[in-house]
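Here the structure is laid out as structure tokens; the discussion comes afterwards.
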Amino acid sequence: MSWIGDLRFGTRVLARRPALSAAAVACLALGIGAVTAVFSFVDGVMLRPLPYPDPDRVVMVWNRFSGKDLPKAPSSGWEFEDHRNQDQSFEAIAGFIPWDFNLAGGSGEPMRVAGGRVSAALFPILGAEAMLGRTYTLDEEKEQQKVAVLSYGLWQGRFAGDPNIIGSTVTLDEVPYQVVGVLPAGFLFPLLDADVWVPFTPNPAIPRRMRGVRMVARVRPDVGLDRAQAELDGLADSFRREYPDLYPEESGFGIHLVPVRDEVLGDLRPLLVALQGAVALVLLIACANVANLLLAQAGTRGREMALRTAVGANPGRLIRQLLGESLLLAIPAGLL
């Protein structure tokens, strides 16, 4: 086939001009590499679904005080209990508080670990099942039992992957807890980077105005986000009527839900889109540079082409041979 011969000819020509070939390949490699890296990042952050069942139904629930310029504020334990008892749009709702513990037990000296005081409902909301043992139950949460679930990383690092860890005791802030489960390595909840999970039970002695509880919920499959938000608006109205001193008109109090994906991305979405556009522009510039290099090289060969045409070469074949050099630059090196 004639195109195979043209391709071979182009290969020999490029081999005789290593500087041109290296410059063209470097330009293309830079552009393609940048686009690939950014797309992989954007794909992992924006395009792939979160690793939960039906992730679009997992939402954060925030207080809002627009009069105080607080678009997202945590809730109190009392407010969390009101949500748990009154919200009908959610399959389940969980409260959690990030918490650092002093851990003693296992190998090594006592250490500080990131953890969380978390409602038992968080695990089914996220579809999380323990790889060893189990997660703690609602009854254990209500009875304020001292049980703990460990992350896979902590189990491997601090406890050397001990298969008999279930039922053993670890000390957290000088209080003994029984280990009931270990989460799998792939478990991810980006809003709470924790290695130890213990039950969260609201303390009725803490007043309603003291707010530090974050809430995550799973919306029922037969309920849309708009309907769930409307129910939260109604609950906010009832709070204002029942506790006017805690939710004065000038505070601009409200309650709103945010899908967890939007919570994770936050203000990064427009930045990531802009970054992707900028890198695509870099690829176009690289292609333009390669085209200019080839055009300049073709201009220097005008006399050669004229001579070969004069001795009877087919002009169309000459053009194909010249384009063959360009084609080689677009073929991955592994295929040559």
Side-chain angles (χ1 to χ4, degrees), residues 42 45-46 50 55-90 92-100 114-119 121-122 125-126 188-194 200 202-219 223-277:
V42 172
V45 174
M46 292 181 60
L50 293 171
D56 293 339
R57 295 196 289 118
V58 181
V59 300
M60 294 291 294
V61 180
W62 293 103
N63 283 345
R64 176 174 55 213
F65 295 92
S66 56
K68 300 180 180 180
D69 196 24
L70 291 173
K72 291 191 295 188
S75 302
S76 68
W78 290 95
E79 290 168 343
F80 168 61
E81 290 289 11
D82 288 338
H83 280 281
R84 185 152 60 176
N85 294 331
Q86 299 181 43
D87 287 338
Q88 301 298 312
S89 297
F90 301 140
I93 185 168
F96 65 92
I97 302 175
W99 202 278
D100 288 341
R117 298 188 180 275
V118 177
S119 299
L122 180 72
I125 286 174
L126 301 181
L188 173 67
F189 184 45
L191 303 178
L192 180 60
D193 183 17
F200 162 67
N203 185 348
I206 298 177
R208 190 179 185 91
R209 66 176 65 251
M210 300 295 292
R211 300 181 175 96
V213 181
R214 293 160 173 79
M215 293 186 293
V216 61
R218 176 172 287 276
V219 179
V223 174
L225 296 185
D226 290 341
R227 178 177 161 188
Q229 180 59 64
E231 184 181 40
L232 293 179
D233 293 340
L235 187 59
D237 289 339
S238 70
F239 284 0
R240 285 191 292 267
R241 289 192 303 267
E242 192 170 355
Y243 308 99
D245 57 328
L246 295 180
Y247 312 98
E249 190 68 28
E250 61 271 18
S251 70
F253 171 73
I255 307 171
H256 69 123
L257 60 81
V258 179
V260 166
R261 174 175 293 279
D262 294 344
E263 188 72 37
V264 171
L265 289 178
D267 297 331
L268 288 179
R269 185 183 297 272
L271 178 62
L272 292 175
V273 173
L275 179 62
Q276 195 171 18

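Count residues from 1 along the sequence. Computed from a prediction, not measured in an experiment: that's the story for all the values here.
- A donor-acceptor distance shorter than 3.5 angstrom exists from the side chain of Trp78 to the backbone of Ile206, with no hydrogens or angles considered.
- Under the 3.5 Å distance criterion, the side-chain polar atoms of Gln229 are matched with a main-chain donor or acceptor of Leu257.
- Minimum interatomic distance between Gly115 and Leu192 (heavy atoms only, all atoms of both residues): O-CD1, 3.9 Å.
- The CD1 atom of Ile93 lies 7.5 Å from the CD1 atom of Ile125; values are rounded to the nearest 0.5 Å.
- Between the NE2 atom in His256 and the CG atom in Asp233 there is a gap of 10.5 Å [rounded to 0.5 Å].
- Residue Asn85 qualifies as enclosed at atom CG: its count of foreign heavy atoms under 6.0 Å is above 12.
- The shortest side-chain heavy-atom distance between Ser75 and Arg211 does not fall under the 4.5 Å cut-off.
- Between Leu122 and Phe200 the shortest side-chain heavy-atom distance does not fall below 4.5 Å.
- In Trp62, the CH2 atom is crowded: over 12 heavy atoms of neighbouring residues, nucleotides or ligands sit closer than 6.0 Å.
- Ser251 places no side-chain N or O within donor-acceptor distance of the main-chain N or O of Phe65, the cut-off being under 3.5 Å.
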For this session: Evaluate side chain to side chain contact (heavy atoms under 4.5 Å, CB included) for Glu263 paired with Lys72, printing each intermediate quantity in order.
Result: CA-CA 11 Å; Glu263 188 72 37; Lys72 291 191 295 188; 2.9 Å; yes
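- Environment of CG in Asn203: crowded, with over 12 heavy atoms of neighbouring residues, nucleotides or ligands closer than 6.0 Å.
- Put simply, the side chain of Pro204 does not reach to within 4.5 Å of the side chain of Glu81, judged on heavy atoms.
- Val216 places none of its side-chain heavy atoms less than 4.5 Å from the side chain of Leu191.
- Within the 4.5 Å cutoff, no side-chain heavy atoms of Val213 are placed close to those of Pro74.
- Across all non-hydrogen atoms, the minimal contact from Phe96 to Met60 is CZ-CE, 4.0 Å.
- In this structure, Ala94 and Phe80 approach most closely via the heavy-atom pair C-CE1, 3.6 Å.
- Between the Gln86 side chain and the Arg84 main chain, no donor and acceptor come within less than 3.5 Å of each other.
- Atom CG of residue Leu235 and atom CD of residue Glu79 lie 9.0 Å apart, to the nearest 0.5 angstrom.
- Taking each heavy atom of Ala121 and Ala92 in turn, the nearest pair found is CB-CB, 4.3 Å.
- Between Asp87 and Leu232 there is a side-chain heavy-atom pair separated by less than 4.5 Å.
- Of all the heavy atoms in Ala228 and Ser89, the pair that sits closest is CA-OG, 3.6 Å.
- Separating the OG atom in Ser76 from the CG atom in Asp82 is a distance of 7.5 Å, to the nearest 0.5 Å.
- Looking only at atom types and distance, the side chain of Tyr247 has a donor-acceptor partner in the side chain of Arg208 under 3.5 Å away.
- Side chains of Ile255 and Asn63 form a contact here, defined as non-hydrogen atoms less than 4.5 Å apart.
- At least one donor-acceptor pair closer than 3.5 Å links the side chain of Arg57 to the backbone N or O of Val219.
- Residues Gly116 and Ala194 come closest through the heavy atom pair N-CB, 4.0 Å.
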Exercise. Could you go step by step and tell me if Phe90 and Val59 meet the side chain to side chain contact (heavy atoms under 4.5 Å, CB included) rule?
Worked result: CA-CA 10 Å; Phe90 301 140; Val59 300; 4.3 Å; yes
